[in-house]
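We use all heavy atoms of the structure for the numbers below, so side chains are in, but hydrogens, waters and symmetry mates are not.
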Amino acid sequence: MSSVEKINPHQSAGTLGHYINGRQIEDRQRLLDVTNPANGQIVRQVAAASVSTVADAVSSAKAAFPAWRDTPPLKRARVMFKFKELLEKNAKDIVALITEEHGKVLDDAMGEFIRGVEVIEYACGAPEILKGEHSKNVGPAIDSWSEKQALGVVAGITPFNFPAMVPMWMYPMAIACGNAFILKPSEKDPSAPLMIAELFTEAGLPDGIFNVLNGDKEAVDALLEHEDIKAISFVGSTPIAEYIYAAGTANGKRVQALGGAKNHAIVMPDADMNNAVSAIMGAAYGSCGERCMAISVAVCVGDSVADELVARLSERVENLKIGPGTDTTNEMGPLVSKPHYDKVRSYVDLGVDEGATLVVDGRSLSVSGHEEGYFLGGCLFDHVKPEMRIYQEEIFGPVLCVVRTDSMEHAMQLINEHEYGNGTCIFTRDGGIARYFTDNIQVGMVGVNVPLPVPTAFHSFGGWKRSLFGDLSAYGPDSVRFYTQRKTVTQRWPDDTVEKAQFAFPVNR
Ligand code: NAD
């Protein structure tokens, strides 16, 4: 392995390695293709880390950790402030890389970038966030306090759908808390994290505190098995989340593993339909439906609500502007890869076979000049039934299922009985209904007249049921709990009033 040139975001080809100990590392042992989904062309290749490369990254992170742990939180925060400034200066280049490799439209890529940077803004509050708790005189001349100590080397494994934002849910807070971090991003869109890692070094982060290891299952398994990794944050599909949680905890690590979703929106008869239609359009088809908080099911209470929603949505879905994400007039780009395109398309075929009504069929879409791209038009199903697989399974594409029901209770029962519990929302003008819904729905993130209730950086992000394995959510206050361990100290300085030995349990009598 050797050090290589800085990443050039405008290069059209090349090979990406890793970022270890403050520099780019070349690695050509095993390479994976990175594709531009708008034209199906391979734009570059990315290294797949071996067990020994993982060991190199962990050992440099371990060596860097003690000095960073002992760096005052205020100084750590100053690095974060500088990092944020550099990110904003380089935003356009980072966002261009996201669009090139993921396919989402530039505006949407900028949106994820800004939401990610908000977590860095929260991490800038490290001195406040890490304050401990102190009690004076818990006994005669005895004081006690609790402090939050960093864990050591921690790792994050992230999905393709938010190549900048989801890693930012993890490493800024882990690093602000005094840990060293190893990121294993998605192999489908690895460029943005590598470019960001360079900016972190430029901001003054010591070498070895933030490392990016590219690769696939081999790298992930090596992280899961490495005894010096103290905690693992994962975001991705539910089967892999479950695997990561089981393997990581079996190896004695702290694990949070966020999984897939099937997010329902309930539309009540009293809803503001203009708001509901616009909100559901954006939430179902934005980013081509490749969001863990995408709305993939609309549950309409009453046939007249369903008739109106389907009529108004179908007109909008048919007229979606679809094309390469680099054209800023487009509303939706391609799906991320050919296998994913085939999978989503096969769900549309399945829905037809299962007897749902395909009101808008996007399967025949071809984008002129981009015939090799992975473009699927928006699809809209009506009369979807809970026993259908298109209702039960995560499709992760531009496919919205409309389910008709006759009561809010039944709509809520559907949501509560679904295996996933990531996000949900209700459209209504009735405050009492909204309150009943937020109190009783079995889902982690809930919106009222808001379709994508993604918590802001100073709250925490996490679903319920099979959308999250582990006890703590991502970013916000939960991330401080996840990336630190509590230590409680009880202290008496010796003086000349030393008591004689007591054999009973110490209490204040
Ligand atoms: P994925 O589970 O295929 O991959 C996620 C990560 O795990 C990647 O880094 C990948 O390299 C790695 N991985 C894949 N297979 C593995 C295996 N067998 N063993 C070990 N590691 C493996 O997910 P994806 O397709 O990249 O992302 C889409 C999924 O992520 C969707 O299910 C979506 O709902 C979910 N997601 C969830 C959230 C959330 O917050 N709950 C957020 C974003 C995405």
Verify, without hydrogens or angle tests, whether [X] (side chain) and [Y] (backbone) share a donor-acceptor contact under 3.5 angstrom.
| X | Y | answer |
| --- | --- | --- |
| Lys253 | Ile229 | yes |
| Asp430 | Ile433 | yes |
| Asn263 | Ile295 | no |
| Ser296 | Lys262 | no |
| His410 | Thr405 | no |
| Ser460 | Asp478 | yes |
| Glu187 | Ala48 | no |
| Asn422 | Cys292 | yes |
| Ser467 | Gly260 | yes |
| Ser314 | Ala311 | yes |

Ionic contact status for [Y] with [X], cut-off 4.0 Å:
| X | Y | result |
| --- | --- | --- |
| Arg115 | Glu112 | no |
| Asp327 | Lys321 | no |
| Arg389 | Glu354 | no |
| Asp342 | Arg345 | no |
| Arg312 | Glu315 | no |
| Glu290 | Lys104 | no |
| Arg466 | Glu242 | yes |

May I have the step-by-step check of side chain to side chain donor-acceptor pair (under 3.5 Å) for Asn39 and Glu372, ending in yes or no? CA-CA 5 Å; Asn39 57 22; Glu372 303 304 313; over 6 Å; no
Nearest 0.5 Å, please: how far is [atom2] in [Y] from [atom1] in [X]?
| X | Y | atom1 | atom2 | result |
| --- | --- | --- | --- | --- |
| Glu88 | Leu199 | CD | CG | 11.5 Å |
| Ser473 | Phe461 | OG | CZ | 9.0 Å |
| Phe375 | Ile322 | CZ | CD1 | 9.0 Å |
| Ile232 | Leu224 | CD1 | CG | 4.5 Å |
| Met408 | Asn440 | CE | CG | 8.0 Å |
| Leu376 | Cys288 | CG | SG | 6.5 Å |

State whether a side-chain donor-acceptor pair under 3.5 Å links [X] with [Y].
| X | Y | result |
| --- | --- | --- |
| Ser191 | Glu101 | yes |
| Ser233 | Gln256 | yes |
| Tyr420 | Glu394 | no |

Smallest separation among heavy atoms of [X] and [Y], with atom names:
| X | Y | answer |
| --- | --- | --- |
| Pro324 | Asn330 | O-ND2, 2.9 Å |
| Phe181 | Ala174 | CD1-CB, 3.6 Å |
| Ser479 | Gly476 | OG-O, 2.7 Å |
| Leu213 | Pro185 | O-CD, 3.4 Å |
| Tyr374 | Thr35 | OH-CG2, 3.5 Å |
| Gly333 | Val105 | N-CG1, 4.0 Å |

Have a look at Tyr171 and tell me which of Tyr483, Phe210, Tyr475 forms a ring pair (Phe, Tyr, Trp, His ring centres under 6.0 Å) with it. Phe210
Determine whether [X] and [Y] make a side-chain contact, defined as any pair of heavy atoms from C-beta on separated by less than 4.5 Å.
| X | Y | value |
| --- | --- | --- |
| Phe396 | Leu335 | no |
| Val310 | Leu313 | no |
| Thr484 | Cys177 | yes |
| Glu100 | Arg44 | yes |
| Pro398 | Val344 | yes |
| Cys379 | Val348 | yes |
| Ile415 | Ile266 | yes |
| His102 | Lys188 | no |

Which class fits the ring pair Tyr245 and Phe469: parallel under 30°, tilted 30 to 60°, perpendicular over 60°? tilted
Start with the C-alpha distance between Val443 and Trp464, add both sets of side-chain angles, then the distance that settles side chain to side chain contact (heavy atoms under 4.5 Å, CB included), and finish with yes or no. CA-CA 5 Å; Val443 172; Trp464 286 12; 5.8 Å; no
Would you confirm whether the ring centroid of Tyr391 sits within less than 6.0 angstrom of the ring centroid of His264? yes
Are Phe200 and Phe83, when compared by the centres of their aromatic rings, separated by less than 6.0 Å?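 They qualify: ring centres under 6.0 Å apart.
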Determine, step by step, whether Tyr19 and Glu198 satisfy the side chain to side chain donor-acceptor pair (under 3.5 Å) criterion, reporting the C-alpha distance in whole Å, the side-chain angles of both residues, the deciding distance to 0.1 Å, and the verdict. CA-CA 8 Å; Tyr19 195 81; Glu198 283 184 336; 5.9 Å; no
Does Asp107, at its CG atom, have more than 12 non-hydrogen atoms belonging to other residues, nucleotides or ligands within less than 6.0 Å? no
Atom CZ of Arg363 with >12 non-hydrogen neighbours under 6.0 angstrom: yes
Side chain to side chain contact (heavy atoms under 4.5 Å, CB included) evaluation trace for Val402 with Leu380: CA-CA 8 Å; Val402 173; Leu380 176 64; 4.0 Å; yes
Here's a test for you: under side chain to side chain donor-acceptor pair (under 3.5 Å), which of Asn449, Asp270, Asp272 qualifies with Thr428? Asp270
Kindly determine whether Val399 and Ile395 satisfy side chain to side chain contact (heavy atoms under 4.5 Å, CB included), including the steps that lead there. CA-CA 7 Å; Val399 183; Ile395 299 175; 4.2 Å; yes
From CA spacing to verdict: side chain to side chain contact (heavy atoms under 4.5 Å, CB included), Val34, Asp189: CA-CA 7 Å; Val34 180; Asp189 40 20; 5.8 Å; no
